[in-house]
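Basis for what follows: all heavy atoms, side chains included, without hydrogens, waters or symmetry-related copies.
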Amino acid sequence: MRLLDMPPSGLTRLTRPALLEGIRLSEGRLVVAETVVHAPPLVDGVSNAELAAAFGADILLLNCYDCTRPAIAGLPEGTGQTCGDLKALVGRPVGVNLEPSDRVPPGRRATPENAARAVEQGADFICLTGNPHTMVTNESILEALRRIRQAVGDRAVLIAGRMHAAGVGLSDGRGLLTPEEADAFVDAGADVLLVPAPGTVPGATVDGVRACVQAAHRKGALALSAIGTSQEGADEATIRQLALYAKMAGVDLHHLGDAGYFGVAVPENILAYCLAVKGRRHTYRRMAFSARR
């Protein structure tokens, strides 16, 4: 069944193969919203992740989640603070960022131990990438990816790639990823290749991103475009343009970052992006579904 149509009760029980197949069958109409777990809620009384879900996001990605000390700002007092606890509230697949960098706290590093903890805490997927200034490289992602795939096996979807340069200057004009590097990520165990959305990082063209997406598709993997350049806080016309560029590049999933202001994309931009890639019918259904369905 395609994830686009699944009710919350189905979305919270997906195995790795079912999640991947549900994404594939949805034909590029799924939106992933990223939130910073320690950021104060944009609206009092509700977490930023819940807010993103309410505006149409199909999948939630947690940034700065510490696998050794899980905490998500805005969750009800007296409840758990893990991925699984959030998933039960919103009825969406939930995943976490892990980073192959010693510039982040130990509980956020891309290690097999943290990956296993995240899965035990309810994470459906793990995204290996780098926040700004972490100096994460493609090589460090590859090394972490191989080890984490061995650690989690078939228990979680692995996403790997780049949203932006993460502080590593690229002066040769080749962009953040090449099709050859896309091949290497998939060979190392990535189920989903992460690429910057066309029009976000300098030099990210539709044709260039599409070449990497096609490389992933040829090997049976999926592709996720990312807006990780604070353009999730741009005007709605820009958001719609980026959405259509990503569609033209052929991606299976669309990510909006957490820097609308701080901690979550501008909610109206999540809605605008959803409307651009999946229309009113599917967007409003996702917004209206009760977590009890």
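Contact of the Ile126 side chain with the Val119 side chain is registered, since non-hydrogen atoms from C-beta on lie closer than 4.5 Å. In this structure, the side chains of Leu253 and Ile23 come closer than 4.5 Å at one or more pairs of heavy atoms. Between Glu236 and Arg240 there is a side-chain heavy-atom pair separated by less than 4.5 Å. Proximity of Leu51 to Leu42: side-chain heavy atoms (C-beta onward) are separated by under 4.5 Å at one or more points. In this structure the side chain of His282 reaches within 4.5 angstrom of the side chain of Asp5, judged on heavy atoms. The shortest distance between side-chain heavy atoms of Leu61 and Phe125 falls below 4.5 Å.
In summary, Glu120 and Arg117 do not engage in a salt bridge, as defined by a charged side-chain N under 4.0 Å from a carboxylate O. Using a 4.0 Å cut-off between charged side-chain N and carboxylate O, Lys278 and Asp58 make a salt bridge. Contact check on Asp207 versus Arg210 returns no salt bridge, with no Lys/Arg side-chain nitrogen under 4.0 Å from an Asp/Glu carboxylate oxygen. The pair Asp124-Lys87 meets the salt-bridge criterion, with a side-chain N (NZ, NE, NH1 or NH2) lying under 4.0 Å from an Asp/Glu carboxylate O.
Between Asn131 and Asn63, the side chains place a donor N or O and an acceptor N or O closer than 3.5 Å (distance only, hydrogens not considered). Side-chain contact annotation: Thr238 with Asp235, donor-acceptor N/O pair under 3.5 Å present. In this model, no donor atom of one side chain and acceptor atom of the other lie less than 3.5 Å apart for Glu99 and Ser101. No side-chain donor from either of Asp66 and His38 sits under 3.5 Å from a side-chain acceptor of the other. A donor atom on one side chain and an acceptor atom on the other are found under 3.5 Å apart for Gln121 and Tyr65. The closest side-chain donor-acceptor pair between Asn269 and Gln231, if any, does not fall under 3.5 angstrom. Using modelled atom types and a 3.5 Å distance limit, the side chains of Arg162 and Asn138 yield a donor-acceptor pair.
A donor-acceptor contact shorter than 3.5 Å links the side chain of Thr178 to the backbone of Glu181. A donor-acceptor contact shorter than 3.5 Å is absent between the side chain of Arg69 and the backbone of Gly107. Side-chain atoms of Lys219 never come within 3.5 Å of backbone atoms of Asp187 as a donor-acceptor pair (strictly under, hydrogens ignored). A donor-acceptor pair under 3.5 Å is absent between the side-chain atoms of His255 and the main chain of Val31, judged by distance alone. Between the side chain of Glu232 and the backbone N or O of Asp258, at least one donor-acceptor pair lies under 3.5 Å. The closest donor-acceptor contact from the side chain of Ser140 to the backbone of Val136 lies at 3.5 Å or more, if one exists at all. At distances below 3.5 Å, not a single donor-acceptor pair connects side-chain atoms of Asp252 with backbone N or O atoms of Glu27.
In this structure, the salt bridge (Lys or Arg N to Asp or Glu O under 4.0 Å) partners of Asp191, at least two apart in sequence or on a different chain, are Arg16, Arg149.
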